[in-house]
Structures are given as structure tokens and as C-alpha cells.
Amino acid sequence: MAPAVARERSEASPCAACAVRGMTICAPLDSNELAHVSALMTSVELQAGAPLFDEGEEAGNVYNLTSGTLKVYKLLPDGRRQVTGFLFGGDFLGLATQDTYAFSAEAVTPCLLCRFPRHKLEDLMQRMPKIEQRLLSIASNELVAAQEQMLLLGRKTAREKIASFLLMLAKRAKQRGQPDDPVLVPMSRTDIGDYLGLTTETVSRTFTQLKQEGIISLMPNHQVKLAQREALEEIAGGY
């Protein structure tokens with residue numbers, strides 16, 4: 001089956017009604033500045049499983065994710081995959097220090113994104129320092145997230161990793177103004193394993209153990225109830 005591709009949407013710019021505007025690069029802009037940014041933007045829709053871009057591809061665009069979940073990953077020389085992060089509404093991606101993307105991005109769920117030509121946005125940043133300052137803030141947050149993942153991969157047991165992961169998803173949901181319990185876990189057990197450095201079997205077994213102990217409840221529609229949140233936080237090491 002041929003891979004799904006991004007599909008441009010024909011309707012008017014959604015900027016005025018954007019539910020995550022306060023978390024995007026557009027957050028500090030006034031209405032006049034927003035109009036300039038909107039003029040560069042194209043709305044893009046991705047179906048679950050569709051690639052947004054591949055590692056090594058020319059980095060011609062940058063993106064703001066406005067809804068849905070994306071995973072970003074790198075392929076190792078031996079063919080293994082390392083998921084380096086999951087992105088949610090409000091997250092920005094695609095900035096590259098070189099001419100090509102350093103990682104691949106793929107939709108976990110149906111996604112809506114704002115696409116900006118990279119060089120045009122860079123030109124606009126010269127005229128609107130607010131955008132550059134916002135991107136620096138975003139980059140700082142990404143550095144913190146990278147440091148947290150290094151801790152997950154290097155120093156925690158499988159049980160501690162899963163507990164920390166669930167609490168991280170809850171924290172991110174709360175930041176977006178969404179319910180943090182039950183928490184939505186739309187990614188597959190394989191994706192979670194590739195993010196945490198665990199096998200799919202270990203991820204599934206750990207979820208089952210936490211469920212049997214009454215610490216979490218597995219609910220329909222990819223939701224997990226944090227039944228004993230304090231116990232989960234203790235397992236995670238005070239996440």
C-alpha cells in the first residue's frame with residue numbers, strides 16, 4: 001500500500017479560531033502581525049500513519065501542529081528505530097540547522113498542521129523579533145525534554161519508565177487545557193517501546209502489571225485512568 005501523503009486543505013485560514021494559538025509561535029503576535037504570518041501559511045491534513053517528512057529530505061518547510069499527535073524518530077544504521085519524541089497540538093517542528101531534516105516525522109493520529117516555507121519565515125523573523133524570541137523559548141523547552149528523555153533511557157527501570165511516560169502525557173495534556181486523567185495514550189506499544197528503549201513485550205507486560213495492581217485502569221479509546229496517581233509518582237521517582 002502506498003504511504004499516505006499530506007493533503008492541503010482549501011478552507012480559509014484557521015488562525016482566528018485556533019484552539020492552541022497560545023502555545024504556538026503565533027502566541028505573542030498582534031492581529032496585524034498575525035495577518036502577515038497567516039499569508040505565508042498553508043493548512044495541511046495528515047491521516048494516521050502518514051509521513052510528514054523523512055530524515056535527509058530537503059528542509060524546505062517548518063510546521064506548527066494544531067491538533068493530533070505526531071512521532072519523530074531516527075533510523076539507526078542497523079535498521080532499528082529510536083522514537084525521539086511525541087508532539088501534540090501547539091508543538092513546532094521542522095527547524096533545521098542544515099539543509100535537510102535531521103529526523104523523520106509521522107502522524108500517530110489524524111493531524112492538522114500549519115505549514116510555513118522555511119526561508120520566508122526566516123525573513124519574517126528579521127522583521128518580527130517576537131517570532132524569533134518565541135522560537136528560542138520553544139528550543140529551550142525542547143532541550144529540557146531531551147534531557148528528561150536521556151534520564152528515562154539511561155537510569156530508570158521499565159516500570160519507572162512507563163510510570164514517568166504516563167505522567168508526562170498527563171502533564172502535556174494539562175498544559176493544552178485537556179483532561180489529564182484519564183490520559184489519552186494514542187501511540188502503539190511499539191512506539192512507546194521505541195521511545196523508552198524497551199521491547200513491545202516489556203511495555204505490554206508493564207502496563208498489565210500496573211493494571212493488576214490497581215495503579216492504572218485501561219479504558220476504551222486509548223485512554224488510561226491514573227487510579228493511584230501518588231503510587232504512580234512514587235514509582236516514577238517523583239516525576
Side-chain angles (χ1 to χ4, degrees), residues 2-9 13-15 18 20-21 23-29 33-34 36-77 79-147 149-150 187 191 194-195:
V5 297
R7 183 169 70 250
E8 295 187 12
R9 307 174 74 210
S13 168
C15 293
C18 180
V20 294
R21 179 181 165 188
M23 300 177 64
T24 69
I25 61 168
C26 303
L29 304 181
E33 293 167 332
L34 185 62
H36 286 287
V37 174
S38 298
L40 302 180
M41 185 270 291
T42 301
S43 292
V44 174
E45 183 176 355
L46 283 176
Q47 298 303 313
L52 180 62
F53 54 75
D54 293 320
E55 181 179 352
E57 182 181 322
E58 182 180 357
N61 297 297
V62 293
Y63 302 85
N64 241 140
L65 178 60
T66 57
S67 69
T69 302
L70 282 168
K71 62 185 174 189
V72 292
Y73 63 91
K74 294 182 69 71
L75 292 177
L76 304 180
R80 289 180 297 165
R81 185 185 66 166
Q82 176 65 55
V83 173
T84 57
F86 296 102
L87 305 181
F88 307 94
D91 286 336
F92 189 82
L93 73 157
L95 278 180
T97 56
Q98 300 181 348
D99 293 330
T100 59
Y101 294 117
F103 53 85
S104 300
E106 181 181 304
V108 174
T109 67
C111 294
L112 295 178
L113 306 99
C114 297
R115 179 176 63 195
F116 304 92
R118 174 185 171 188
H119 295 299
K120 289 185 179 180
L121 187 63
E122 289 173 347
D123 291 341
L124 194 61
M125 286 166 54
Q126 302 300 316
R127 291 182 281 141
M128 296 184 186
K130 291 179 183 179
I131 297 178
E132 184 174 15
Q133 293 167 3
R134 182 65 176 171
L135 286 175
L136 286 174
S137 176
I138 290 172
S140 177
N141 290 336
E142 289 179 349
L143 179 59
V144 171
Q147 291 171 336
Q149 190 193 15
M150 288 174 64
M187 56 288 295
D191 286 343
D194 287 347
Y195 177 67

*So, the side chain of Thr109 versus the backbone of Thr69: is there a donor-acceptor pair under 3.5 Å, distance only?*
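Pair found, side chain donor or acceptor close to backbone of Thr69.
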*asked:* Using modelled atom types and a 3.5 Å cut-off, is there a donor and acceptor pairing between side-chain atoms of Thr42 and backbone atoms of Arg115?
replied: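 Not confirmed, Thr42 side chain does not pair with Arg115 backbone.
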Distance in Å, [X] [atom1] paired with [Y] [atom2], rounded so as to fall on 0.5 Å steps:
X      : Y     : atom1 : atom2 : value
Leu113 : Thr66 : CG    : OG1   : 6.0 Å
Arg118 : Leu40 : CZ    : CG    : 15.0 Å
Ser67  : Leu46 : OG    : CG    : 10.0 Å
Leu65  : Leu70 : CG    : CG    : 5.0 Å
Lys71  : Arg81 : NZ    : CZ    : 4.0 Å

Is there side-chain contact between [X] and [Y], with at least one heavy-atom pair below 4.5 Å?
X      : Y      : result
Glu122 : Gln126 : no
Leu52  : Tyr63  : yes
Phe86  : Asp191 : yes
Leu75  : Ser104 : no

*Apply ring-ring contact (aromatic ring centres under 6.0 Å, His included) to the pair Phe103 and Phe53, showing each step before the final yes or no.*
CA-CA 8 Å; Phe103 53 85; Phe53 54 75; 5.7 Å; yes
*Which salt bridge (charged side-chain N to carboxylate O under 4.0 Å, His left out) pairs, counting each pair once, include a residue from residues 49-63, with sequence neighbours left out?*
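Counting only pairs at least two positions apart or across chains, the salt bridge (charged side-chain N to carboxylate O under 4.0 Å, His left out) contacts touching residues 49-63 are Glu55-Lys74.
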*Among all residues two or more places apart in sequence or in another chain, which pass the side chain to side chain donor-acceptor pair (under 3.5 Å) test with Arg80?*
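Per chain and number, Arg80 pairs via side chain to side chain donor-acceptor pair (under 3.5 Å) with Asp78.
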*Heavy atoms only: give me the nearest Phe92-Leu121 pair and the separation to one decimal.*
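That closest heavy-atom pairing would be CZ-CD2, 4.1 Å.
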